[in-house]
There are 2 protein chains.
Amino acid sequence: MEDSAASKRSVTVADVAKAAKVSKATAARVLGGYGVVSDKIKDQVMAAAAALEYRPNELARSMSTGRSGIIGVVVGDIENAFFSLAVRGISDAARLAGYNVIIANSGEKLDAEKSAVDLLIGKRVDGLIVTPARCDGMDHLHHVRRAGVPLVLFDRSIPELGVDAVTGDDRDAAITATRYMVDRGHRHLAYISAMDDEDGGLIDTGRISNSAVRERVEGFVSVLKEAGLPNPLCSVRFGATDQQQTDAVVRRLLSEASPPTALLASDSLVGLRIFRSLQSLGLSIPSDVSMISFLDADWTSVTVPPITVIDQRVYDMGKLAGERLVARIERTPLAVERLRVGTSLVVRGSVAAPGR
Amino acid sequence: MEDSAASKRSVTVADVAKAAKVSKATAARVLGGYGVVSDKIKDQVMAAAAALEYRPNELARSMSTGRSGIIGVVVGDIENAFFSLAVRGISDAARLAGYNVIIANSGEKLDAEKSAVDLLIGKRVDGLIVTPARCDGMDHLHHVRRAGVPLVLFDRSIPELGVDAVTGDDRDAAITATRYMVDRGHRHLAYISAMDDEDGGLIDTGRISNSAVRERVEGFVSVLKEAGLPNPLCSVRFGATDQQQTDAVVRRLLSEASPPTALLASDSLVGLRIFRSLQSLGLSIPSDVSMISFLDADWTSVTVPPITVIDQRVYDMGKLAGERLVARIERTPLAVERLRVGTSLVVRGSVAAPGR
DNA sequence: ATATGTTGTGAGACCGGTCTCTTTATACAG
DNA sequence: CTGTATAAAGAGACCGGTCTCACAACATAT
């Protein structure tokens, strides 16, 4: 009867103590591994604990110690290879330091991000890694700081917040990639991102709310300006959020008066969509259109032609963020800083001189 | 001073109660949203809570209620698209029911899985979804049941355990795919998996410790037998754990007396590796070798040729597992069962008649 | 008028650990 | 043989919520 039925209540230190005929305090000492206990009693308690199949209640433990041993991570979308790789890096760093990771998805929406942060704070995580959907609207992140919970930003930085951030070297990466294409003779280039298309045309790069995208666009634009090419801002397009939208963006772009001959994709998902768009339009890469994508995703190496990409070392970024957060949690004295992880251009076969 | 310094202790119900000049019990009632309180007092308390920026301590709440609102998920490898998609499905189902998800990686190793399960039980998760690395050695899963924590297995089932499992229809999928290739004239086929190569040759399919792989192999073998093809078991190869290993497996396979003309990949990672192996050996698909891969991963549609795959509807599997677990947690009376999610063959271009 | 019911609030036990403080037992010095 | 230091074990407060129970105030029934 009592064997098959779901055991009503779990075994506690008190139960173990009673079975071992010692006080609760003593049992707690050996079970919790603190204080001093004689070997004889220690064995007694351990035996009793094993017999009763005692498992400590981490919740209760967290409550009295004040630390949960959990790191909260808020990402845009776990399904995106960028984030799952980053999470892997974070997890590895966390586990190494004895922490566990709890993940929440924001879907890149500000209010979802807010409630995710609130929830994790409620769970009393020891620290938080957040990929802020927007770099304005950061009240909730201020709350985090005021609550005394260490915070590290990931992929995007918000200098006004005064917290650590781990990002790629986005401006530099964009410059390298853009220059690579310009050097090969391209005069009409376009940058395509999945960010929500806020207000039709882009007027001012400073108004892009995602710092990673902003810096990439700035890098892209700076190279075009430097090369004396016209209307650089008009070549920046947002809204490639799914295949259909991307098809529309690409089609519109290519039907312009002087269509771009080279495309720069803001992430590997956008890159894949662009690849498909071009394919479905019957355009071949790189003879008709050249392209470079951010992130060395697995698909980029097996297409024909393989795609030239900007390798972001996302795993390292995640690991670094995790390590930094652990250092903060453990009160290592460190200056607040922005850590940039270098990128590199992996040249494959998707860029050629523009055919005309 | 006290503004910038990390606020020493968080605001509790008692603090709010004092500020609102009511008892702790009353404040708790309005903050916790239970019991009956007059509107006047309710407003008082809410005002005080807002002023003090009160955030409930979910840890403490969990401790007294006995429920944490967390679902634990133990997966083989989050980086694998199969699992990240599944996690997405689980998360969506969980969030809809008011639960959150905490993820742990087992790396497909039994002892890592054990400690992950222990840890999650310690955190007092309300339920557990586990992708068991092996279908033998399941003491820790028995512990879960004995601890009274609802458990749902994912992707693999262990009938002896008597718990729900959500899996794909692996045998059927393998049969469909294998038959598809046999029907196109292939007489020498091979099945390649990333599972650890336990004891060189495979003697008995019943001894494969991963039920998903076992059923696929069984399906694969049954079709070969049915078609009167020799030595079906010898055509099953394990150990394609990374690119190098896969290269070795493929090379060995193709240098045999009667090399296979068609390959079946156990998952999309193995599929990708096989694709690369064939590419590096200078073999073209499908004229030299045909292949089918499990899982409709994004890369499979952009290769040349695009890969014919078995679509597993992993998101649905995850969602179903999440819903099932929630039902168990909430004590919905349901028979223990194995839920199979149907698969379908997505025909693309990687299978042709064997060239001779 | 008293009995009965309803509603809102307060007091305090409880969850399962940690940890401080106190008490008891043993060792060693004077 | 007493005094003091030291080690080991016990008693109980505490973390921050929930929740039961007691009780007060007021409304309605008899």
Side-chain angles (χ1 to χ4, degrees), chain A residues 7-46 48-49 52-70 119 121-126 147-148, chain B residues 7-46 48-49 52-70 119 121-126 147-148:
Chain A
S7 35
K8 55 209 83 175
R9 248 190 50 264
S10 47
V11 181
T12 72
V13 276
D15 298 329
V16 175
K18 206 181 303 167
K21 297 187 197 311
V22 298
S23 75
K24 181 186 155 198
T26 303
R29 268 187 274 260
V30 11
L31 262 16
Y34 57 90
V36 203
V37 192
S38 69
D39 287 353
K40 201 191 82 191
I41 297 259
K42 196 176 288 181
D43 291 347
Q44 261 178 57
V45 173
M46 291 306 268
L52 295 172
E53 287 191 338
Y54 167 79
R55 317 261 149 182
N57 182 332
E58 296 295 339
L59 246 45
R61 182 170 286 173
S62 299
M63 189 132 85
S64 33
T65 57
R67 24 185 325 282
S68 63
I70 300 186
L119 184 127
I121 295 286
K123 299 279 185 218
R124 291 302 187 270
V125 293
D126 290 341
Chain B
S7 35
K8 54 207 84 172
R9 248 189 49 264
S10 46
V11 181
T12 72
V13 276
D15 299 327
V16 175
K18 208 180 301 168
K21 297 188 197 310
V22 298
S23 75
K24 181 186 156 199
T26 302
R29 268 187 274 260
V30 9
L31 262 15
Y34 57 91
V36 204
V37 191
S38 68
D39 288 352
K40 202 191 82 191
I41 297 253
K42 196 176 288 182
D43 292 347
Q44 262 178 54
V45 173
M46 291 306 269
L52 295 172
E53 287 191 340
Y54 168 78
R55 317 260 150 184
N57 183 332
E58 297 294 340
L59 247 46
R61 183 170 286 174
S62 300
M63 187 128 90
S64 31
T65 57
R67 32 184 315 284
S68 62
I70 299 185
L119 183 126
I121 294 286
K123 300 277 186 217
R124 290 301 185 269
V125 293
D126 290 340

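Order of the sequence lines fixes the chain letters, A, B, ..., with proteins taken first and strands second; residue numbering starts at 1 for each chain.
- The CD atom of B/Glu58 lies 9.0 Å from the CD1 atom of B/Ile70; values are rounded to the nearest 0.5 Å.
- Using a 4.0 Å heavy-atom criterion, one finds that A/Val11 contacts the sugar-phosphate atoms exclusively.
- If you take CE on B/Met63 and CZ on B/Arg124, they are separated by 10.5 Å, rounding to the nearest 0.5 Å.
- If you take NZ of B/Lys18 and P of D/dG16, they are 12 Å apart, rounded to a whole angstrom.
- The phosphate of C/dG10 has OP1 or OP2 within less than 4.0 Å of a side-chain N or O from B/Ser23.
- When the P atom of D/dG16 is taken as reference, atom NZ of B/Lys24 falls 10 Å away, rounded to whole Å.
- Separating the CG atom of B/Leu59 from the C1' atom of D/dG16 is a distance of 9 Å, rounded to the nearest angstrom.
- In terms of heavy-atom proximity, A/Val45 sits nearest to A/Ala20 at CA-CB, 3.9 Å.
- Where B/Arg124 and B/Ala25 each meet DNA chain C at their nearest nucleotide, the meeting point lying more 5' is that of B/Ala25.
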Between N or O atoms, less than 3.5 Å apart, protein on one side and nucleotides 21-25 of chain C on the other: list the pairs.
none

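- The side chain of B/Tyr34 lies closest to D/dC19 when the candidates are D/dC19, C/dA13, C/dT18.
- Listed for the B/Thr65 side chain is a donor-acceptor partner under 3.5 Å among the backbone atoms of B/Arg61.
- When the P atom of C/dC15 is taken as reference, atom CE of A/Met63 falls 12 Å away, rounded to whole Å.
- Remark: B/Leu59 CG to B/Lys123 NZ distance equals 8.5 Å, nearest 0.5 Å.
- Using a 4.0 Å heavy-atom cutoff across all strands shown, A/Val30 reaches no nucleic acid atom at all.
- Computed from coordinates, the A/Lys123 NZ to D/dG17 C1' distance equals 13 Å when rounded to whole Å.
- In this structure a side-chain-to-backbone donor-acceptor pair under 3.5 Å is missing from A/Ser68 to A/Ser62.
- When rounded to the nearest whole Å, the span between CG of B/Leu52 and P of D/dG16 equals 14 Å.
- To the nearest 0.5 angstrom, B/Arg29 atom CZ is 6.0 Å from B/Ser23 atom OG.
- Put simply, OH on A/Tyr54 is 10 Å from P on C/dG16, counting in whole angstrom units.
- Taking CG of B/Leu31 as the start and OG1 of B/Thr12 as the end, the distance is 9.5 Å to the nearest 0.5 Å.
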Return the polar atom pairs (N/O with N/O) between nucleotides 6-8 of chain C and the protein under 3.5 Å, or none.
none

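- When atom types are taken as modelled, the side chain of A/Asp126 and the backbone of A/Arg67 share no donor-acceptor pair closer than 3.5 angstrom.
- For B/Thr26, the side-chain atoms get nearest to C/dT9 when compared with the rest of C/dT9, C/dG12, D/dG10.
- Atom CG of A/Asp15 and atom C1' of C/dG17 are 13 Å apart (whole Å).
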